[in-house]
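Report on the structure given below.
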Amino acid sequence: MQAGFGPRLGRSFYARPAQVVARDLLGRVIQHGDCAGRIVETEAYLGTGDLAAHSARGLTPRTRILFGPPGYAYVYFIYGLHECLNIVAEPEGVAGCVLIRALEPLAGIETMRERRKKEDLRSLTSGPGKLTQAFGITRAHYGADLTSGELLVRRGTQEPFQVDATPRIGIRRDTDLPLRFLIRGSPFVS
DNA sequence: AGTTCGATCGCCT
DNA sequence: GGCGATCGAACTG
């Protein structure tokens with residue numbers, strides 16, 4: 001079942017501008033344990049000149065991973081409740097990442113229902129806090145290497161789809177930039 | 001050491 | 001559509 005989603009993406013995939021990686025991650029498959037989901041919504045956070053990005057104020061203990069090599073997980077805790085999963089992009093030395101905002105559940109759906117305590121397929125992974133809960137991703141995954149560990153992204157299938165770009169959700173600065181990407185018509189977006 | 005406020009969710013109306 | 005929950009990172013003094 002695992003190999004059915006294609007080969008694991010390697011380091012070079014992530015070593016590109018954050019908005020390019022965010023767009024290219026659509027349609028790929030995130031896997032963790034027995035859970036797998038197709039990425040249907042992402043947001044790019046740029047290292048320089050992006051006031052909405054956590055890296056905008058420079059290197060701190062929390063943001064240090066964003067300045068390192070790409071292909072690692074940046075997981076942070078927000079609003080006292082939720083974990084959010086980001087993937088570090090850009091070459092080493094340049095900050096930047098992609099927030100995974102929504103998935104289409106593909107495998108491990110019963111596990112997701114148990115973790116979420118919800119039955120409806122649409123409510124399992126249609127939001128950044130929901131999908132981390134459904135997949136069992138926490139701050140313990142901060143710094144995890146997606147190119148070698150049990151949390152990974154696979155290439156996915158090549159079904160064609162159209163992409164919409166909109167402003168990012170829930171931010172207060174740089175609100176006009178069209179850095180949110182989603183698969184047009186997907187019922188699983190946030 | 002104290003304060004502010006956020007890349008959200010779910011429940012209420 | 002609005003709001004309360006609840007924690008910690010980061011900034012101020």
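Order of the sequence lines sets the chain letters (A, B, ...), proteins ahead of strands, with each chain counted from 1.
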Quiz item: Reading DNA chain B 5' to 3', what string of ( ), [ ], | and . shows its pairs, if Watson-Crick and G-U wobble pairs count only when both distances fall under 3.5 Å?
Solution: ||||||.|||||.
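Across A:Leu121 and A:Arg113, no two heavy atoms sit closer than the pair CD1-NH2, 4.4 Å. Residues A:Ala18 and A:Ala89 come closest through the heavy atom pair CA-CB, 3.9 Å. Between A:Thr63 and A:Gly58 the shortest heavy-atom distance is OG1-O, 3.2 Å.
Checked against side-chain hydrogen bond (donor to acceptor under 3.5 Å, both in side chains), A:Asp164 has the following partners two or more places apart in sequence or in another chain: A:Arg184. Take A:Glu43 and apply the side-chain contact (heavy atoms from CB on, under 4.5 Å) test, not counting sequence neighbours, and it matches A:Tyr45, A:Leu99, A:Arg101, A:Arg168, A:Ile169, A:Arg180.
For DNA chain B, the outermost nucleotides in 5' to 3' order that have an atom under 4.0 Å from a heavy atom of chain A are B:dG6 to B:dC11. Nucleotides of DNA chain C that come within less than 4.0 Å of any heavy atom of chain A span, from the 5' end to the 3' end, C:dA5 to C:dC11.
Among the heavy atoms of the strands, none lies under 4.0 Å from A:Arg168. Counting any heavy atom pair closer than 4.0 Å across all strands shown, A:Arg180 reaches no nucleic acid atom.
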Quiz item: Hey, mind stepping through A:Arg155 and A:Arg28 against side-chain contact (heavy atoms from CB on, under 4.5 Å) and telling me if it holds?
Solution: CA-CA 5 Å; A:Arg155 188 177 59 192; A:Arg28 313 294 181 181; 3.1 Å; yes
Exercise. List the steps, then state whether side chain to side chain donor-acceptor pair (under 3.5 Å) holds for A:Arg115 with A:Gln133.
Key: CA-CA 6 Å; A:Arg115 289 185 177 132; A:Gln133 185 183 31; over 6 Å; no
Practice problem: Decide side-chain contact (heavy atoms from CB on, under 4.5 Å) for A:Thr132 and A:Arg139; before the verdict, give the C-alpha distance in whole Å, the side-chain angles of both, and the deciding distance to 0.1 Å. | Solution: CA-CA 10 Å; A:Thr132 52; A:Arg139 281 161 288 173; over 6 Å; no
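Along DNA chain B, the nucleotide nearest A:Glu43 and the nucleotide nearest A:Ser123 are compared for position; the residue whose nucleotide lies closer to the 5' end is A:Glu43.
Side chains of A:Arg154 and A:Pro7 form no contact here, defined as non-hydrogen atoms less than 4.5 Å apart. Side-chain atoms of A:Thr42 and A:Ile100, non-hydrogen and from C-beta on, do get closer than 4.5 Å to each other.
As rounded to the nearest Å, B:dA7 and C:dG1 have P atoms that lie 22 Å from one another.
Remark: A:Arg23 is not positioned above the aromatic ring of A:Phe181, lacking an NZ or CZ atom under 6.0 angstrom from the ring centre and at most 45 degrees off the axis. Both the sub-6.0 Å distance and the 45° axial angle are satisfied by A:Arg16 relative to the ring of A:Phe13.
Within a 6.0 Å sphere centred on CG of A:Asp120, heavy atoms belonging to other residues, nucleotides or ligands number more than 12.
Of the residues in residues 72-90 of chain A, those placing a heavy atom less than 4.0 Å from an atom of DNA chain C are A:Phe77, A:Tyr79, A:Gly80, A:Leu81, in numerical order.
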